[in-house]
Participant: 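A single structure is presented below for examination.
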Amino acid sequence: MLSHDAVDSLFPPDLQEPDHLEHRYPPRDLPGGAKVTRFAPSPTGFLTIGGVFTAIIDADVARRSGGVYLVRLEDTDQARVTEGAAAQFAEAFAYFSIVPDEGDQNGRYGPYEQSARAQTYLTYVRELMRQGRAYPCFATRQDLEDITARQRAAGALPGYYGKWAIWRDADPGQVAKRLAAGDPYVVRFRSPGATGARVSFTDAIRGELTLDDNRNDAVILKSSDTEPRLPTYHFAHAVDDHLMRVNLVIRGDEWISSVPLHLQLFDALGFPRVEYAHIAPLMKQEGGSRRKLSKRRDPEATVTFYIEQGFPAPAVQYYLRGLANGRLAEMPLAEALDAPIRLAECGTAGPLVDMVKLDDICADYVATLPGEQILAEVSTWAGRYDPDLAEVLKAERELALRALDIDRVGVANPRKDLRKWADFRAVYGYFFPELFELVTDPADARFSALNLDPDRVRAVARAFADGYQAPTADTEWFDQIRRLAADLGFAPSQKAYQQDPAAYKGSIREASQVIRILLTGTPRSPDLPEVAGALGADEVLRRVRAVEKGT
């Protein structure tokens, strides 16, 4: 074991003592039972929807208990930091209403990026080394490979522990000599665990769990030949959770196996243990089996997908909350968003992400919104992702509102074909002359599907245009189609046509579909008189006559 002086010589002389940091980050003044949670993403990649799922639980549990929810960037792996990741995190937090309660601008427990807390970690590494609970290790990569090979040959458990930890009980003189030579080293935690020992803890979701205790002397401080010297995740999270006074860590179940090491670190540092809650990962159905949602394989795994497509955030929040607690999925959206998430009701099997179900939830939600709100949401989305649409909506605001009212206002079952803001162009684009492509070819496949030849298509269009009457409260708009259909030899109903197809050129259905396609570009659209009313007589005639003119 190195002397205190020898240990202190390895660290900056102005390094603060633990007592100073305890004073700098005092216990929080919160009501009894308040939970302080943290969401701690690594900016080595972009945020996933699984991260949002975790953060929603973090924020809900903390705030409902009278506690605090914070975000801490775990960026100690500087070589792998992805440019723009932190900005994407902030955008996602704002979009899904999970902005942290405190940060560098309004929190006294920062900095909230681990790379800015390097000196703090060094204080506690030094303290463990002073106590003999940590030591410098000069093992090279080749040394570690040799150890692994010998363990394999001996049938021993792999790892750096016991007799295999070649620098754990090295002669202090030999250590001092290597240090004096400037040889690179890492600092390892001297694990108190023994092979075969077991440790138990109570998980807030899974109850009591018992695992093999940690026997490995884990690296807690990275190599001395890098600057700044940063800790590993395991050590940094223990220091940060204590100093930020986090008392509940909600994280993915892949971290369960690390709990024994983390408990050892809390104990060695003299910190109270935090409570852990390990949530199951989001899953995807693939054939007859399930697998984890993957950001490499599944577009819906990334938060960017939801923002770029314009999924309405409250609907996604509602869906994710329902995955966390099944009872929330049975409530109306507004009620579910206001109800608490309970850790005890979080399942231990990964919930399945069903995009069809999410689409339905989004459609139901959008159907409840007033046209003004939909237009505002779509305009905001389009301003970033569809500038041409944004310009059209700005210029044609009243037309957009008339279009949005069709089959939505004053009806028992409003239309539900708009699920996300990226759908707006496809669903409503035909209302806007700037976006609509005139149907000019009477031989278009859309007419061929009606079994109508080009001459019949032109005849229907010509008759409709020549006698066109705009919809009013006093007229039955479809009467004009009934009349022209009869004049042109179409059956008055599909049934009549089927009974004697040779006597007719088609049914009134085909005649009305010709007008629908000319006005909307599709054989499926909302109430046709309302569409015509929203477009106005001049635009209706321009579209209908285009096929007659061929331009």
Side-chain angles (χ1 to χ4, degrees), residues 46 84 87-88 91-92 94-96 299-300 302-316 355 358-359 362-363 365-367 369-409 414-441 444-446 516-528 530-547 549-551:
F46 295 123
Q88 188 253 6
E91 179 185 28
Y95 193 85
F96 290 106
E300 68 271 27
T302 65
V303 169
T304 302
F305 170 78
Y306 297 87
I307 296 176
E308 289 181 351
Q309 289 293 306
F311 281 83
V316 180
M355 294 304 294
L358 177 58
D359 276 349
C362 290
Y365 170 73
V366 173
L369 301 179
E372 289 275 4
Q373 184 175 343
I374 294 175
L375 181 57
E377 297 276 10
V378 173
S379 297
T380 298
W381 173 86
R384 180 172 181 182
Y385 297 107
D386 192 344
D388 291 341
L389 175 61
E391 287 299 315
V392 169
L393 294 178
K394 183 178 179 181
E396 300 281 6
R397 175 180 173 78
E398 294 306 316
L399 174 57
L401 291 173
R402 292 199 302 272
L404 284 167
D405 282 349
I406 295 175
D407 284 354
R408 284 172 35 84
V409 175
R415 60 187 296 193
K416 296 180 179 180
D417 49 357
L418 185 62
R419 295 171 171 80
K420 52 188 181 295
W421 312 137
D423 294 341
F424 186 90
R425 183 186 276 263
V427 175
Y428 287 99
Y430 62 81
F431 281 96
F432 306 96
E434 300 91 335
L435 303 178
F436 182 71
E437 184 177 347
L438 292 172
V439 182
T440 60
D441 183 3
D444 189 288
R446 286 167 286 188
R516 190 181 301 276
I517 290 169
L518 291 174
L519 294 186
T520 69
T522 174
R524 297 180 181 86
S525 72
D527 184 78
L528 202 51
E530 290 198 55
V531 171
L535 292 174
D538 290 345
E539 181 63 16
V540 167
L541 293 174
R542 185 180 79 91
R543 295 186 183 193
V544 172
R545 285 173 173 155
V547 76
K549 297 177 180 178
T551 58

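Keep in mind that what you see is a predicted model, and the values were worked out from it rather than measured.
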Participant: Would you say Arg545's side chain and Leu541's backbone share a donor-acceptor pair under 3.5 angstrom?
Facilitator: no
Participant: I need the Phe424 CZ to Ser379 OG distance, nearest 0.5 Å.
Facilitator: 8.0 Å
Participant: I need the Leu393 CG to Glu434 CD distance, nearest 0.5 Å.
Facilitator: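 Answer rounded to 0.5 Å: 9.5 Å.
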Participant: Quick one: pull up CZ in Phe431 and CG in Leu399 and give me the separation to the nearest 0.5 Å.
Facilitator: 7.5 Å
Participant: Hey, are the side chains of Trp421 and Asp386 touching, using non-hydrogen atoms and a 4.5 Å cut-off?
Facilitator: no
Participant: Are the side chain of Arg543 and the backbone N or O of Leu518 linked by a donor-acceptor pair below 3.5 Å?
Facilitator: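 No; zero donor-acceptor contacts below 3.5 Å.
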Participant: Shortest non-hydrogen contact from Val540 to Ala532?
Facilitator: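 Looking at all heavy atoms of both residues, the closest pair is CG2-O, 3.8 Å.
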Participant: Could you state the interatomic distance from CG (Asp405) to CD (Glu372), rounded to the nearest 0.5 Å?
Facilitator: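 Between atom CG of Asp405 and atom CD of Glu372 there are 9.0 Å.
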Participant: For a 4.5 angstrom cut-off between non-hydrogen side-chain atoms, does Glu300 reach Phe311?
Facilitator: no
Participant: Please lay out, stage by stage, how Trp381 and Ile307 fare under the test side-chain contact (heavy atoms from CB on, under 4.5 Å).
Facilitator: CA-CA 9 Å; Trp381 173 86; Ile307 296 176; over 6 Å; no
Participant: Do the charged groups of Glu539 and Arg542 touch, with an N to O distance under 4.0 Å?
Facilitator: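 Looking at Glu539 and Arg542, the cut-off is met.
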Participant: Mind checking whether Tyr365 and Val316 have side chains closer than 4.5 Å, heavy atoms only?
Facilitator: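 No, every pair of side-chain atoms sits at 4.5 Å or beyond.
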Participant: Quick one: closest heavy-atom pair of Ala534 and Ile406, and the distance?
Facilitator: CB-CD1, 4.0 Å
Participant: I need the minimum non-hydrogen distance between Ala92 and Val303, along with the two atoms involved.
Facilitator: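 Ala92 and Val303 have their closest heavy atoms at CB-CG1, 3.5 Å.
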Participant: Indicate yes or no for a side-chain donor-acceptor contact from Arg516 to the backbone of Pro526 under 3.5 Å, with no hydrogens or angles considered.
Facilitator: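 Present.
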Participant: Could you tell me if the side chain of Thr302 sits less than 4.5 Å from the side chain of Gln88, heavy atoms only?
Facilitator: no
Participant: Check Val547 against Asp441 and note the closest heavy-atom contact, atom names and distance.
Facilitator: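 That closest heavy-atom pairing would be CG2-C, 4.0 Å.
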Participant: For Asp423 and Lys420, indicate whether the former's side chain and the latter's backbone hold a donor-acceptor pair under 3.5 Å.
Facilitator: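 Checking the backbone N and O of Lys420 against the side chain of Asp423, a donor-acceptor pair under 3.5 Å is found.
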Participant: For the CZ atom of Phe436 and the CG atom of Leu519, what is their distance to the nearest 0.5 Å?
Facilitator: 7.5 Å
Participant: What heavy-atom pair brings Thr520 and Thr522 nearest, and what distance separates the two atoms?
Facilitator: OG1-O, 2.9 Å
Participant: Within the side chain of Arg446, is there an N or O that forms a donor-acceptor pair under 3.5 Å with the backbone of Gly521?
Facilitator: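 Pair found, side chain donor or acceptor close to backbone of Gly521.
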Participant: Is there a side-chain contact between Val378 and Tyr428 in this structure, where contact means two heavy atoms from C-beta onward sitting under 4.5 Å apart?
Facilitator: no
Participant: Looking only at heavy atoms, which two atoms of Leu435 and Arg425 are closest? And how far apart?
Facilitator: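 Shortest heavy-atom contact: CD2-NH1, 3.6 Å.
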Participant: In Å and rounded to the nearest 0.5 Å, what is the OH to SG distance from Tyr306 to Cys362?
Facilitator: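 Answer for the OH-SG pair, Tyr306 versus Cys362, is 9.5 Å.
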Participant: With a 4.5 Å cut-off on side-chain heavy atoms, are Val366 and Glu377 touching?
Facilitator: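 Answer no - side chains too far apart.
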